[in-house]
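Notes follow once the structure below has been shown.
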Amino acid sequence: MNPFYLSSPSTFFHFAGRVAPWFFGLAAVLGAAGLYVGLVLAPTDATQGEVYRVIFIHVAAAWMSMFIYFVMACYGAMALTFNSRLSAMMARALAPTGAMFTFVALWTGAFWGRPTWGTYWVWDARITSELVLLFLYFGFIALANAFEDPRRGDKAASLLAIVGIVNLPIIYFSVQWWNTLHQGSSVKLTGTSMHVTMLTGMLLMVFSFWMYAIGAALTRVRSIILERERRTRWVRALRPA
C-alpha cells in the first residue's frame, strides 16, 4: 500500500466518512461500560465518599485535553515542515474537541473541589496551567480563522500550537514542582494506588473519550476539506444534479 495514499484530501475525505461512525460507536459502547463500572461497580472511596466518582469524567477529560493538544501540535509541526495541507486541516479539526475536553476538566474539577476543598476555584498551579491550556486552544482557533488566506492562518496557528506545547509538562509536573493544593497522580508508569475496579472504569472512559475525539476530528475535517476544495472537480461532482 502506498504510504501517502491517504495524504490526498479527496481520498482522506472518503476514508474519514467510512470510519468515523465506527469510532463514534466504539465511544458509545466504551462510555456506557465505563459509566457502569465507575458509577455502579466501583466501591465507595474511603476518604472522599461518593464525590470521588467525578474522576471518571474529570481525569479522562484532563488526560484527553493534554493528549489532543500534543497531537494538534504535531500536526502543526508537520504542516510547517512539509507544507502538508491535510496536517493543517487535522490540527484545525482537533482544536474544538480539545477545547471542549479542557473545559469539561475544569468544570468537573470545580464540581469536585467544592465539597472537598470548600471552594469551586483556587489559583492552584495545576488548575491555572490547565486554564492556560484552554486559552491556548481558544487562541489557536481564533488565529486560524483570523486570516482571509486559510494557509496563512494555518501557519500562524501551527506556530502557536508548537510554542504552547511547553505548557503540557507544566500541567503534568505542576503537582511535583510546586506546593500545590491539587492532589498528585494516582496512576503512574510505575503503578497505581487505585482499586482495580476504579482504574478499569477510568481507563474505559479514557478510551471512550479517545474514540470520540477521533470520530469528531474526522467528521470535522471532512467539512474543512469540502470548504477548502469546493472549487475542485471532485467536490463539484459530489453535489446533486
Side-chain angles (χ1 to χ4, degrees), residues 22-71 96-134 137 167-216:
W22 289 96
F23 284 105
F24 283 128
L26 282 172
V29 172
L30 291 169
L35 289 175
Y36 178 74
V37 173
L39 302 181
V40 178
L41 300 183
T44 302
D45 185 77
T47 57
Q48 298 183 24
E50 300 294 342
V51 72
Y52 93 94
R53 296 184 193 277
V54 75
I55 69 167
F56 297 109
I57 302 295
H58 172 72
V59 174
W63 284 3
M64 289 307 301
S65 70
M66 292 186 287
F67 180 71
I68 290 175
Y69 192 90
F70 175 76
V71 175
T97 306
M100 181 199 71
F101 279 127
T102 309
F103 176 80
V104 170
L106 289 168
W107 182 76
T108 53
F111 181 77
W112 175 85
R114 184 67 180 87
T116 53
W117 294 346
T119 180
Y120 289 108
W121 181 268
V122 291
W123 292 102
D124 172 87
R126 170 66 65 84
I127 302 171
T128 304
S129 53
E130 184 74 10
L131 180 63
V132 170
L133 181 63
L134 181 62
Y137 275 119
N167 188 50
L168 298 187
I170 294 176
I171 297 173
Y172 186 79
F173 293 108
S174 59
V175 293
Q176 301 176 27
W177 290 346
W178 293 286
N179 183 20
T180 174
L181 185 61
H182 197 286
Q183 68 188 65
S185 300
S186 300
V187 181
K188 303 177 183 177
L189 293 177
T190 54
T192 177
S193 57
M194 295 182 68
H195 188 281
V196 64
T197 310
M198 297 177 183
L199 180 63
T200 301
M202 198 172 72
L203 292 179
L204 284 169
M205 293 305 298
V206 170
F207 288 127
S208 170
F209 286 179
W210 198 345
M211 295 300 104
Y212 171 81
I214 295 173

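Side chains included, hydrogens not; waters and symmetry mates left out as well; all remaining heavy atoms used.
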Using a 4.5 Å cut-off on heavy atoms from C-beta on, say whether the side chain of [Y] contacts that of [X].
{"X": "Ile171", "Y": "Tyr69", "result": "no"}
{"X": "Leu106", "Y": "Trp121", "result": "yes"}
{"X": "His58", "Y": "Phe111", "result": "no"}
{"X": "Ile68", "Y": "Phe209", "result": "no"}

Looking at every non-hydrogen atom in both residues, tell me the closest pair between [X] and [Y] and how far apart they are.
{"X": "Met202", "Y": "Val59", "answer": "SD-CG1, 3.5 Å"}
{"X": "Ala61", "Y": "Val104", "answer": "CB-CG1, 3.8 Å"}
{"X": "Thr102", "Y": "Tyr137", "answer": "OG1-CE1, 3.2 Å"}
{"X": "Pro43", "Y": "Thr197", "answer": "CD-CB, 4.2 Å"}
{"X": "Asn167", "Y": "Leu133", "answer": "ND2-N, 3.5 Å"}
{"X": "Met205", "Y": "Gly31", "answer": "SD-O, 3.7 Å"}

Inset, instruction - Please check if the side chain of Ser129 supplies one atom and the backbone of Arg126 the other of a donor-acceptor pair under 3.5 Å. - result: yes
Taking atom [atom1] of [X] as the centre, report whether more than 12 heavy atoms of other residues, nucleotides or ligands fall under 6.0 Å from it.
{"X": "Tyr52", "atom1": "OH", "value": "yes"}
{"X": "Trp22", "atom1": "CH2", "value": "no"}
{"X": "Trp107", "atom1": "CH2", "value": "no"}

Inset, instruction - Walk me through it: do Trp112 and Ile57 pass the test side chain to side chain contact (heavy atoms under 4.5 Å, CB included)? - result: CA-CA 11 Å; Trp112 175 85; Ile57 302 295; over 6 Å; no
Which value, rounded to the nearest 0.5 Å, describes the distance between [X] atom [atom1] and [Y] atom [atom2]?
{"X": "Leu41", "Y": "Met198", "atom1": "CG", "atom2": "CE", "result": "12.0 Å"}
{"X": "Phe56", "Y": "Leu203", "atom1": "CZ", "atom2": "CG", "result": "10.0 Å"}
{"X": "Ile170", "Y": "Trp177", "atom1": "CD1", "atom2": "CH2", "result": "6.0 Å"}
{"X": "Leu168", "Y": "Phe173", "atom1": "CG", "atom2": "CZ", "result": "11.0 Å"}
{"X": "Phe24", "Y": "Ile214", "atom1": "CZ", "atom2": "CD1", "result": "10.5 Å"}
{"X": "Leu30", "Y": "Tyr212", "atom1": "CG", "atom2": "OH", "result": "15.0 Å"}

Inset, instruction - For this output row, return yes or no: ring centroids of Trp210 and Phe67 closer than 6.0 angstrom. - result: yes
Inset, instruction - Just do the side chain to side chain contact (heavy atoms under 4.5 Å, CB included) check on Arg53 and Asp45 with the steps written out, would you? - result: CA-CA 9 Å; Arg53 296 184 193 277; Asp45 185 77; over 6 Å; no
